[in-house]
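Everything numeric in this text was worked out from a predicted model, so none of it was measured.
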Amino acid sequence: MAKLHCPLVIGIASGKGGVGKTSTAVNLAVALAKTGQRTLLLDADMGLANAQIALGVKAPYNLSHLLSGDKTIEQIIYPSQEGVQLIPGASGRRDMAAVQEAEVATIVRALDPLVDQFDALIVDVAAGLSPAVTAFMAACHRRFIVVRDEPSSIADAYGTIKVLCTEQSLDQIYLVPNMVPSQADGQRLFHRLNDITLRFLGHSLHYLHAIEEDELMLTAWRQYRSVVNHAPGSAAARDFRQLAKHALELGQLSQITGGTPFFLSRLLDLGL
Ligand SMILES: Nc1ncnc2c1ncn2[C@@H]1O[C@H](COP(=O)(O)OP(=O)(O)O)[C@@H](O)[C@H]1O
Ligand SMILES: [Mg+2]
């Protein structure tokens, strides 16, 4: 019998918008796909779904059609030229920004039967801290918090971490500094935030790699491409490949901490 495996499931949040959450989700997904991982990107940013733009995917159907019962999960999975498969967010559905927690569970359960089709699932959640955002982050097995070195982003990252680790008792929280001048600056930002969370929340964070500021990010975005494929030699592409490499080196989960995690039946089979 084939060895049971559980996909790597990473939720990407930031609190504040505009710090590079979607850029990180898309490029991490593409970098994982380039190593041969069958990668699915779930755009759970219902209000401002733009992962499909970043990947150059034209998608007539999206999460709203799954939630309304008009389409099955398979019918809303789209291939992209970047090698990643995409479940588009529900841009345009008026009440989508206020997606209910119950609907998050519907999406999580719909993916369960597809466990053997993917090696990695990356979830781009919305900005802010709505119940749906925390429900998605709780459903993910690991949580990446994207942060920029500026006061409002740091405050929002801290607020997000606080909710995830105190109200939701979640661990597996990783800080991903973005738009930093150097890796050393990324590490410094991590240590600053980690000291604060340790002191005030009694919780330490994990760290893998930072993403440097790189104007080629914008050039790639304008061409509906990932920087990883558009400018493979750029600093940002190199950083996303490093982030993906470190993410793949993470060991098996030792326990489940979320409420209704993605691929629950597999986690149970694995004895977690
Ligand atoms: N490392 C980076 N260097 C330069 N620009 C970046 C970087 N990361 C993101 N950006 C730019 O910042 C803007 C916001 O990024 P986006 O991923 O849409 O943020 P969010 O999803 O958090 O709202 C985009 O124009 C993107 O190209
Ligand atoms: Mg975004």
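A donor-acceptor pair under 3.5 Å is absent between the side-chain atoms of Asn27 and the main chain of Phe240, judged by distance alone. A donor-acceptor contact shorter than 3.5 Å is absent between the side chain of Gln223 and the backbone of Ala220. The main-chain N or O of Asp171 is never found under 3.5 Å from a side-chain atom of Arg142 such that the two would form a donor-acceptor pair. Checking side-chain atoms of His65 against main-chain N and O of Asn62 turns up a donor-acceptor pair under 3.5 Å.
Defined by atom type and a distance below 3.5 Å, a donor-acceptor pair is present between the side-chain atoms of Glu150 and Ser152. Side-chain contact annotation: His209 with Gln183, donor-acceptor N/O pair under 3.5 Å present. Side chains of Lys34 and Asn229: a donor-acceptor N/O pair is present below 3.5 angstrom, by distance only.
Each of Leu42, Leu28, Asp43 was checked for a side-chain contact (heavy atoms from CB on, under 4.5 Å) with Asp124, and the lone residue meeting it is Asp43. Only one option out of Val147, Ile211, Asp239, Asp185 pairs with Val180 in a side-chain contact (heavy atoms from CB on, under 4.5 Å); it is Asp185.
Under the 4.0 Å criterion applied to side-chain N and carboxylate O atoms, Asp149 and Arg192 are assigned as salt-bridge partners. Ion pairing between Arg238 and Glu212 holds under the 4.0 Å rule for side-chain N and carboxylate O.
Residues Val84 and Leu40 form no side-chain contact, since every pair of their non-hydrogen atoms from C-beta on lies 4.5 Å or further apart. Residues Arg225 and Gln81 meet the side-chain proximity criterion, which asks for heavy atoms closer than 4.5 Å. A heavy-atom distance below 4.5 Å is found between the side chains of Ser204 and Leu198. With contacts defined as side-chain heavy-atom distances shorter than 4.5 Å, the pair Asp119/Leu8 does not qualify. Side-chain atoms of Ile73 and Leu66, non-hydrogen and from C-beta on, do get closer than 4.5 Å to each other. Between Leu55 and Tyr224, every side-chain heavy-atom pair lies at or beyond the 4.5 Å cut-off. Looking at heavy atoms from C-beta onward, Cys140 lies out of side-chain contact with Ile10 at the 4.5 angstrom threshold.
Atom CD of Gln75 sits in a crowded spot, with more than 12 heavy atoms from other residues, nucleotides or ligands closer than 6.0 Å. Around the OH atom of Tyr61, the shell of radius 6.0 Å holds no more than 12 heavy atoms that belong to other residues, nucleotides or ligands.
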- prompt: What's the verdict on side-chain contact (heavy atoms from CB on, under 4.5 Å) for Leu121 and Phe263, showing C-alpha distance, side-chain angles and the deciding distance?
  reply: CA-CA 10 Å; Leu121 168 64; Phe263 308 123; 4.0 Å; yes

- prompt: Run the side-chain contact (heavy atoms from CB on, under 4.5 Å) check on Thr39 and Val30 step by step: do they pass?
  reply: CA-CA 8 Å; Thr39 305; Val30 171; over 6 Å; no

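Residue pairs meeting the ring pair (Phe, Tyr, Trp, His ring centres under 6.0 Å) criterion with at least one partner in residues 160-203, sequence neighbours excluded, are Phe144-Tyr174, Tyr174-His206, Phe190-Tyr207. Among residue pairs with one or both ends in residues 262-272, those qualifying as side-chain hydrogen bond (donor to acceptor under 3.5 Å, both in side chains) are Asp112-Ser265, Asp116-Arg266; sequence neighbours excluded.
Clustering of Ile, Leu, Val, Met, Phe, Trp and Tyr by side-chain heavy atoms under 4.5 Å joins Leu129 with Val163.
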